[in-house]
Protein chains: 2
Amino acid sequence: MLDVTELTAVLEDLTRMHIRLPVRQRLSFTTLSVLHTLEGRGPMRLTGLTAAEQVTQSAITQLVAKLERDGLVERRPDPSDGRAVLVHVTDAGAAVVRSRRAERVAGLERLAAALTPAERDAIAAALPALARIARAGDEPGGHP
Amino acid sequence: MLDVTELTAVLEDLTRMHIRLPVRQRLSFTTLSVLHTLEGRGPMRLTGLTAAEQVTQSAITQLVAKLERDGLVERRPDPSDGRAVLVHVTDAGAAVVRSRRAERVAGLERLAAALTPAERDAIAAALPALARIARAGDEPGGHP
DNA sequence: GGAATTTATATAAACTACTGATATAAATTT
DNA sequence: AAATTTATATCAGTAGTTTATATAAATTCC
């Protein structure tokens, strides 16, 4: 039987570990999360990003402006709505996400190497279910 | 076989989900992490917290000062070293950690309820291994 | 055993990432 | 077409950082 309290505790620890994994380029959590969201879902409006990231629309406008200055995203007009903006990741932006992931993979390789084969198998078997949880929590209306 | 790249991707998603889980009382990530660390490891010096949280010593000094003003920690002299300070969590501080965890448990209950029994079993079976990874990554020298 | 160095914390100034309130312009409703 | 709603922008203020520097206790080195 799955003990959700225990799952929560483990997720807390994993989250802290994951965030503290040292990386070369320092980027704010929301910055990285926006790039990640755009890569996963394709071009989005500021409104969509605001909902996905759970910060204010003001914060997203300012963050996207900075990301555009840095060349990591592009803002294009939305042909279907003259008020709206569609934010696209650039190749440079995608590269940032990829390189950050590569650093984290390297860190986790080290930690996973210390596990027994049985432990690694157990994690492998749980990944699809964990991915489902993450996806559900990430969905629009996932945690209303 | 465990695919660490996939594990990394899942952890990224879980981390984002976990951080975005809505909660009543808004506390910064580092604030909560410090309380969590103190609860898990017992009283610590500022130096120890600095290493654990991977922010500057200055940030920890200021954060602990604020936490003390808010009654969530106490600073006591270290009998073995006149320069040092031992930071203790108060009952109020521990309560903050507990109530935050309770909110997260509630959020995860909802998400876990959508899984199949087999998926829940798979996660339950992987928890010890995931906890080991988290602990290793959290340890002093865990990711040098 | 005292001078030099290192270690533990504190403080000041500047900077970044946000929030909240408000403005503007395009779309939608009436 | 006037009124309302929606999508984004701007502005001012705040919280949480960093960098650089200061101070005092502990340790090291003759």
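The figures that follow rest on heavy atoms only: side chains count, while hydrogens, waters and symmetry mates do not. In what follows, chains are A, B, ... by sequence order, proteins preceding strands, each numbered from 1.
- Rounded to the nearest 0.5 angstrom, A/R104 CZ and B/T5 OG1 are separated by 14.0 Å.
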Set out, in order, the CA-CA distance, both residues' side-chain angles and the distance that settles side chain to side chain contact (heavy atoms under 4.5 Å, CB included) for A/H36 and B/D13, then state yes or no. CA-CA 9 Å; A/H36 182 122; B/D13 290 339; 3.0 Å; yes
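- Scanning residues 30-39 of chain B for heavy-atom distances under 4.0 Å to DNA chain D yields B/T30.
- Along DNA chain C, the nucleotide closest to A/V55 and the one closest to B/R83 are compared, and the more 5′ of them pairs with B/R83.
- Nearest approach of A/A112 to B/I133, heavy atoms of both residues: CA-CD1, 4.5 Å.
- At the heavy-atom level, A/R75 lies under 4.0 Å from the strands shown only through sugar-phosphate atoms.
- Side-chain contacts under 4.5 Å among hydrophobic residues (ILVMFWY), followed directly or transitively, place A/F29 together with A/I19, B/I19, B/F29.
- Both A/V85 and A/R26 sit near DNA chain D, but only A/V85 has its closest nucleotide nearer the 5' end.
- B/L86 shares a hydrophobic cluster with no other residue; no ILVMFWY side chain has heavy atoms under 4.5 Å from its own.
- Residue contacts for B/D81: at a heavy-atom cut-off of 4.0 Å it reaches the sugar-phosphate backbone alone, with no base atom in range.
- Less than 4.0 Å separates DNA chain C from at least one heavy atom of each of the following residues of residues 56-66 of chain B: B/Q57, B/S58, B/T61, B/Q62.
- Through chains of ILVMFWY side-chain contacts below 4.5 Å, B/L38 is grouped with B/L27, B/L32, B/V34, B/L35, B/M44, B/L46, B/L49, B/V55, B/I60, B/L63, B/V64, B/L67, B/L72, B/V73, B/V85, B/V87, B/V89, B/V96, B/V97.
- One N or O on the side chain of A/R20 and one on the backbone of B/E53 form a donor-acceptor pair closer than 3.5 Å.
- For the residue pair B/T8/A/R101, the side-chain donor-acceptor check at 3.5 Å is not satisfied.
- The two residues A/G137 and B/M17 come nearest to each other via the heavy atoms CA-CG, 3.7 Å.
- In this structure, B/R132 and A/E119 approach most closely via the heavy-atom pair NH2-OE1, 3.0 Å.
- Once you apply a 4.0 Å limit to the heavy atoms of chain B, the touched nucleotides of DNA chain D run 5' to 3' over D/dG16 to D/dA26.
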